[in-house]
Amino acid sequence: MELSHRTITQIGHYRDMDLTGTAPDTLLKLYFQMLRLRRTEEALHQEYHPADEMRCPIHFCIGQEAIPAALSLHVRPDDFIFSHHRSHGYYFAKGSPLRELFAEIYGKATGASGGKAGSQDISHSDTNFYSGAILAGAVSIAVGAAFGFKHKRTKQVSISGFGEGCTDEGAFWEAMNYAGKQKLPVLFVCENNRYATFSDQLKRQADDNVSARVRPFGVRATQIFGNDTVLAHRTIGAEIERLRNGDGPALIEAYTYRWNSHVGPEDDSANAYRQPGEMEFWKANCPIVLLGEKLRAAGLLTDALSARYEAEVAAEVAANFKFAKESPFPTDTHWRQMNYADASPLADRLLGVATRGAGFDQYQDEAKLGPY
Amino acid sequence: MELSHRTITQIGHYRDMDLTGTAPDTLLKLYFQMLRLRRTEEALHQEYHPADEMRCPIHFCIGQEAIPAALSLHVRPDDFIFSHHRSHGYYFAKGSPLRELFAEIYGKATGASGGKAGSQDISHSDTNFYSGAILAGAVSIAVGAAFGFKHKRTKQVSISGFGEGCTDEGAFWEAMNYAGKQKLPVLFVCENNRYATFSDQLKRQADDNVSARVRPFGVRATQIFGNDTVLAHRTIGAEIERLRNGDGPALIEAYTYRWNSHVGPEDDSANAYRQPGEMEFWKANCPIVLLGEKLRAAGLLTDALSARYEAEVAAEVAANFKFAKESPFPTDTHWRQMNYADASPLADRLLGVATRGAGFDQYQDEAKLGPY
Amino acid sequence: MSRQLSYAKAILEATDQAMGLSPDVIVLGQLVDTQSGIFGTTTGLVKKYGPERVQDFPVSENLMTATAMGAALTGLRPVLCHQRLDFMVYSLDAIVNWLGLWRFKSNMKSAMPVTIRTIVGKGWGQGPQHSKNLQAWFAHIPGIQVAVPATAYDAKGLMLEAILGETPTIFVEGRGLYSMTDEVPEQPYRVRFGQAVVRREGKDATVVAIGLMVPLALRAAALLDKEGISIEVVDPRTLSPLDRKTICDSAFKTRRLVVADGTWHSFGAAGEIVTSVVENLGDKLKSKPVRVTLPDSHTPMSSALEPKYYPDENDIVAAVRQTLK
Amino acid sequence: MSRQLSYAKAILEATDQAMGLSPDVIVLGQLVDTQSGIFGTTTGLVKKYGPERVQDFPVSENLMTATAMGAALTGLRPVLCHQRLDFMVYSLDAIVNWLGLWRFKSNMKSAMPVTIRTIVGKGWGQGPQHSKNLQAWFAHIPGIQVAVPATAYDAKGLMLEAILGETPTIFVEGRGLYSMTDEVPEQPYRVRFGQAVVRREGKDATVVAIGLMVPLALRAAALLDKEGISIEVVDPRTLSPLDRKTICDSAFKTRRLVVADGTWHSFGAAGEIVTSVVENLGDKLKSKPVRVTLPDSHTPMSSALEPKYYPDENDIVAAVRQTLK
Ligand SMILES: Cc1ncc(C[n+]2csc(CCOP(=O)(O)OP(=O)(O)O)c2C)c(N)n1
Ligand SMILES: Cc1ncc(C[n+]2csc(CCOP(=O)(O)OP(=O)(O)O)c2C)c(N)n1
Ligand SMILES: [Mg+2]
Ligand SMILES: [Mg+2]
């Protein structure tokens with residue numbers, strides 16, 4: 001069955017989640033990961049205005065926890081994830097340190113990017129996580145990383161996370177064409193949440209179906225109900241396995257929904273872009289609730305365990321806030337050094353060390369140029 | 001049946017041309033138009049080096065006469081054609097004056113673009129013909145013209161001619177997405193001649209089939225054997241009719257072949273990019289020969305008529321050369337005026353004439369700035 | 001006579017009036033048809049003129065520009081909006097390879113009156129992908145006009161001039177200017193391109209300030225005034241065409257020059273202005289001209305670094321002092 | 001010792017040697033794997049290093065740059081080729097929104113050693129879409145180096161330095177320089193960025209010439225020499241970083257300045273250089289500096305207009321005379 005936002009709300013309550021074949025501890029991990037991400041985002045959302053210390057735009061991902069949780073159990077440390085502006089879920093999926101996310105948002109020197117990038121441009125190169133706010137840009141770079149993996153014959157996988165809005169961009173289609181032609185080990189994860197800011201997919205595209213469009217480009221595509229975390233876990237696992245075996249690329253189109261405003265905690269409902277009943281449908285089919293129900297029915301999740309999870313997560317969130325708040329602000333103003341690498345170790349090794357003329361160190365600072 | 005360059009040469013001699021339903025005088029016109037274009041291009045090709053006066057790159061279209069001839073019988077004066085770098089066929093199709101094409105190539109003031117643009121950037125705005133060398137750029141502008149026609153509720157059609165290479169570009173897919181979504185009256189004519197310069201389509205794309213890729217974007221697509229001029233005429237006619245009635249957009253993918261080098265008369269065979277037997281196949285299935293055979297069999301084309309056509313065309317070509325060669329070179333060096341419109345008649349009418357300060361006329365020419 | 005309007009409202013009014021004056025004026029851009037309306041600069045237009053004239057556009061910046069170009073060929077006068085200049089970079093091919101040279105390569109026979117509005121983000125951690133200002137790039141392209149209005153009055157007059165004129169125009173709007181108010185006549189009026197304005201007369205030094213730097217230069221002038229230093233502030237209003245005469249006249253009068261431009265230092269607009277002056281004045285300047293710009297660095301997100309990155313009135317004051325040494 | 005090599009061959013040799021020195025060096029671009037080999041600058045590489053290291057690329061300029069960026073993150077050192085700078089405009093988003101700021105936004109932890117070669121067409125009716133030179137744009141972007149080699153020697157040394165260095169680099173190559181020969185050592189060597197060179201010493205005026213203008217400036221110097229006028233010709237070799245010291249030292253010595261730059265006049269590289277000099281020298285110049293540039297116009301195709309559009313050695317001679325008046 002083809003999925004579409006136009007018809008998805010007719011599902012009512014989603015009943016197709018199938019736990020068969022997924023190990024109980026994996027199921028609990030999926031649940032825990034979603035809870036962790038949800039509570040983290042809720043806390044940031046709540047603190048944003050009262051604290052007034054997170055001075056950067058944040059695109060929250062509350063309601064979209066299934067994909068990050070599912071990814072987090074499959075990606076290896078040497079895999080790369082490239083995210084769009086709505087980055088927290090992917091940062092989380094890559095296992096990058098959350099306290100450095102908090103510190104980054106607070107603009108602190110201890111942030112993942114030293115406070116230079118903020119939520120929408122954050123990266124953490126030690127764990128191979130990158131993001132950026134310009135739509136489709138990071139998708140293209142993800143294709144390049146996959147090119148590198150294929151070229152070097154590693155078994156690494158490049159994962160690119162984005163929304164359906166990004167597929168409006170021509171850059172996205174260049175990426176599909178090349179990945180498909182070259183059979184690159186890249187997994188495209190499209191969280192189709194229907195809207196780009198306040199603009200309905202059907203206002204921008206002939207159909208709300210990205211999958212049908214990528215297939216003739218040589219990209220395998222699967223549509224899933226994006227709040228079924230178990231299905232997401234299974235699908236992502238199978239696709240990543242195929243990619244590692246050279247059978248790429250693949251796209252997963254996960255239909256899901258964003259509960260909050262497009263950006264920040266401000267209310268954007270004045271723009272009246274959501275369809276009637278839609279929010280209710282998606283809240284009723286909250287990925288955490290859907291999996292929780294199943295886990296409870298299967299006797300895997302108890303009140304006690306749930307309470308333990310909540311406590312664990314609350315402690316982590318509190319520690320992250322503490323770290324962020326207590327960290328120092330950056331003071332660095334060596335602008336040139338921040339933007340240009342003056343050292344060239346490889347060239348030094350292969351070509352010998354060549355000194356530069358007097359001009360080099362001084363061209364920047366005209367005040368030093370004298371003797372005029 | 002899906003067409004593909006991989007398999008098309010298996011056709012051997014093409015036998016599917018069907019004259020049924022096409023009026024005899026239309027058939028003769030198609031033949032004449034192809035002959036005219038062929039002889040024009042051959043003459044330019046032959047004169048290029050000996051004359052040494054056509055000092056600009058030219059992308060010849062010998063072998064690809066079917067589409068221009070077919071188009072030429074359907075486009076109306078108020079329709080627009082936007083061409084890529086291989087522009088002569090489309091210029092011809094729009095009925096733009098050929099002597100101004102010759103003069104343009106010779107860099108003369110009487111050229112369609114005053115000698116400022118040359119073969120690959122030529123335009124003739126009086127007849128609504130535009131071109132340009134940057135791939136996919138003119139396709140996008142054609143979509144904009146179609147937007148204008150739809151907005152103004154005219155019955156005009158915007159026609160965009162390009163090769164399969166152009167579909168590598170992301171810009172092309174933005175155009176497909178928007179045209180498909182908005183149902184714009186634009187006809188995309190893809191002359192699929194297999195190569196972009198020396199690069200095989202299958203080196204750049206997962207499949208040599210543009211049609212399959214545009215369809216899910218909401219663009220109707222038809223593949224045709226591009227040297228069957230009668231089929232091209234029928235297909236283009238039907239599509240343009242539908243476009244005028246609001247049933248757009250459409251793409252026609254015409255599989256054809258370029259006989260000459262990518263650019264200029266220089267031999268590019270050292271790059272060894274063509275498949276064995278391919279040139280022979282396409283020459284044997286020359287669009288002029290294919291139609292000529294049928295017309296002779298049907299008794300429509302006689303030796304006498306053929307000789308008359310040749311004479312007519314030879315005279316036209318000679319006159320065009322004469323015009324080009326005798327025309328004056330441009331001398332204009334009013335660079336500012338060439339690039340900026342200083343007059344603003346609409347603003348003058350709607351807002352009143354506002355004078356400019358003394359600065360305006362002088363900011364350009366520092367020498368005049370004085371009294372320093 | 002003294003109607004005060006914000007910069008954002010002035011842009012809205014100019015667009016509204018242009019649409020009223022000519023049925024060919026249309027507005028395209030992501031979210032132009034929403035209540036938020038690009039920070040209030042398009043709010044209400046869709047209600048007044050309908051969705052055919054005020055259209056949301058896919059997130060396809062290159063095609064958006066090309067669509068406007070094709071539409072212009074059919075007689076329309078499109079106004080495009082980009083919420084951030086950074087997004088518009090995708091459309092540079094359409095601008096530099098097509099829009100800018102259309103008139104030229106048609107041998108002056110074909111015009112594309114397209115107006116491209118683009119907003120430069122600043123502050124609140126916009127960071128490196130939401131705060132670029134490439135006005136110097138735009139002004140380098142032949143065939144394109146570039147407006148850098150610093151006041152609500154100019155924003156309205158230049159916008160009407162651009163929309164109803166014949167040359168394609170890029171409007172660089174500082175987000176930081178949106179709430180500033182100015183006296184703005186209600187009826188439509190024109191501000192011509194290529195006409196700088198002296199915002200404040202003075203005799204000791206000339207400060208040429210662009211866009212957001214204009215209010216800062218005026219603040220710097222007020223500070224220096226207290227010390228008896230009298231600054232002339234010149235606002236070019238448009239970078240292309242650039243009114244070199246007014247700038248040179250002022251510099252000739254004061255014999256000292258500071259150029260304040262909130263974009264990257266090297267190969268930016270400030271360099272062009274300094275050069276334009278010394279090409280004409282030569283050794284008439286009494287001291288070395290000074291540029292006040294951003295460092296050659298991308299924008300840091302941290303609220304601790306933003307103030308170090310962006311120049312303010314004190315930097316202008318310091319620069320003026322340097323010319324007076 | 002006196003091995004002469006053409007500019008094109010020097011580029012080929014640098015690429016070849018870089019590929020030999022490091023298995024991570026790869027070449028991507030339309031037609032790089034053909035016999036023609038981008039005007040001979042990649043010919044033979046595919047045979048020597050195989051199709052995995054020398055790859056044709058779809059006509060997708062933006063993705064090509066992004067592919068190089070992603071590949072660089074996995075340890076590769078890609079060299080990209082664009083047959084015309086005009087085509088590369090499609091990739092500006094990848095360059096200005098990603099490549100240029102990658103180091104910055106990763107807090108200096110991540111590097112993208114990508115080398116982008118781009119060729120500026122000139123003559124034989126290239127016309128407005130095949131002849132642009134946007135070197136001033138590139139030099140305005142933080143985080144990107146820009147090389148403008150004028151000799152085969154520099155082309156080779158700068159190319160090796162870029163490919164094996166850590167900062168992303170754009171190479172602007174004048175097609176008109178390709179057949180010019182120079183003494184080029186066989187073994188690999190480096191030319192560091194940010195180091196201008198005095199190509200000819202002189203005392204009466206300094207001509208700073210960029211790229212293709214360097215040979216023209218030397219010709220102008222020879223012409224003026226016959227009249228006893230002695231010109232110092234400075235070649236910056238890289239625009240970013242720009243060696244302002246060598247330029248200023250020369251201008252301080254001669255006290256007269258001409259900047260010859262074959263790109264658009266306004267907001268171009270010439271303005272930056274003039275400003276860099278006067279910011280430092282102030283009234284030390286004995287006459288007004290003069291720019292020799294293209295007019296602010298797109299390129300005419302006609303062979304009758306090309307010579308009027310492109311400046312030549314006579315324009316440089318005239319400019320020098322102006323500074324001597
Ligand atoms: C090139 C570009 N154009 C416009 C924007 C502005 N913008 C930011 S987020 C967004 C919507 C993105 O929608 P989607 O890709 O579906 O992701 P979602 O926000 O729904 O998760 C837009 C248009 C941008 N970031 N980049
Ligand atoms: C943006 C851009 N990139 C590269 C080129 C160089 N180029 C000129 S023609 C051409 C091949 C075009 O192939 P196709 O679109 O199939 O048309 P054909 O020449 O086969 O008719 C290329 C790559 C260009 N003109 N524009
Ligand atoms: Mg979305
Ligand atoms: Mg082709």
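Within every chain, numbering begins at 1; the chains are lettered A, B, ... in the order of the sequence lines, protein sequences first and strands thereafter. Basis for what follows: all heavy atoms, side chains included, without hydrogens, waters or symmetry-related copies.
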Nearest-0.5 Å distance that lies between atom OH in B:Tyr340 and atom OG in C:Ser240: 3.5 Å

Close side-chain approach of C:Trp102 and B:Ile141, heavy atoms under 4.5 Å: yes

Most chain C-contacting option - heavy-atom pairs closer than 4.5 Å, from B:Ala347, B:Gly148, B:Ala171: B:Ala347

Contact residues of residues 97-125 of chain B (partner chain C; heavy-atom separation under 4.5 angstrom): B:Ala112, B:Ser113, B:Gly114, B:Lys116, B:Ala117, B:Asp121, B:Ser123, B:Ser125

Side chain, backbone, both or neither: which part of C:Leu99 has an atom under 4.5 Å from a heavy atom of chain B? neither

Any ion pair linking C:Glu52 and B:Arg153 (charged N to carboxylate O, less than 4.0 Å)? yes

Does any heavy atom of chain C fall under 4.5 Å from the side chain of B:Ala142, the backbone, both, or neither of them? neither

Who wins among C:Ser110, C:Ala18, C:Gly165 for the most heavy-atom pairs under 4.5 Å with chain B? C:Ser110

Among C:Glu61, C:Met64, C:Arg77, C:Gln17, who wins on heavy-atom pairs under 4.5 Å with chain B? C:Arg77

Below 4.5 Å, heavy atoms only, C-beta onward: do B:Arg349 and C:Leu164 meet side chain to side chain? no

Measure the spacing between CZ of C:Phe104 and CD of B:Gln337 and express it to the nearest 0.5 Å. 12.5 Å

Could you tell me if the side chain of B:Phe147 sits less than 4.5 Å from the side chain of C:Gln55, heavy atoms only? yes

Note: B:Ser344 and C:Arg192 closest approach over all heavy atoms is OG-NH2, 4.0 Å

Need one label for B:Gln156: side chain, backbone, both or neither, based on atoms under 4.5 Å from any heavy atom in chain C. neither

Rounded to the nearest 0.5 Å, how far does CZ of C:Arg103 lie from CG of B:Asn339? 8.0 Å

Carefully, step by step, assess B:Tyr130 and C:Ser106 under the rule side chain to side chain contact (heavy atoms under 4.5 Å, CB included). CA-CA 9 Å; B:Tyr130 301 103; C:Ser106 77; 5.6 Å; no

Heavy-atom contacts under 4.5 Å, residues 66-76 of chain C to chain B: C:Ala66, C:Thr67, C:Met69, C:Gly70, C:Ala71, C:Leu73, C:Thr74, C:Gly75, C:Leu76

So do the side chains of C:Trp98 and B:Ser140 get within less than 4.5 Å of each other, counting heavy atoms only? no

Looking at side-chain heavy atoms only, is the closest gap between C:Asn107 and B:Met338 below 4.5 Å? no

How many angstroms lie between OH in C:Tyr90 and CD in B:Glu174, if you round to the nearest 0.5 Å? 8.5 Å

Under a 4.5 Å cut-off applied to non-hydrogen side-chain atoms, are C:Ile26 and B:His151 in contact? yes

Which residue out of C:Val59, C:Thr65, C:Leu160, C:Ile144 racks up the most heavy-atom pairs below 4.5 Å with chain B? C:Ile144

Side chain, backbone, both or neither of C:Asp93 within contact of chain B (heavy atoms, under 4.5 Å): side chain

Could you check if a side-chain atom of C:Leu21 sits within less than 4.5 angstrom of a side-chain atom of B:Leu351, using non-hydrogen atoms only? yes

Run the salt-bridge test on B:Asp348 and C:Arg190 with the 4.0 Å N-O cut-off and return the result as yes or no. yes

Considering only heavy atoms from C-beta outward, does the side chain of C:Ser60 approach that of B:Tyr178 to under 4.5 Å? no

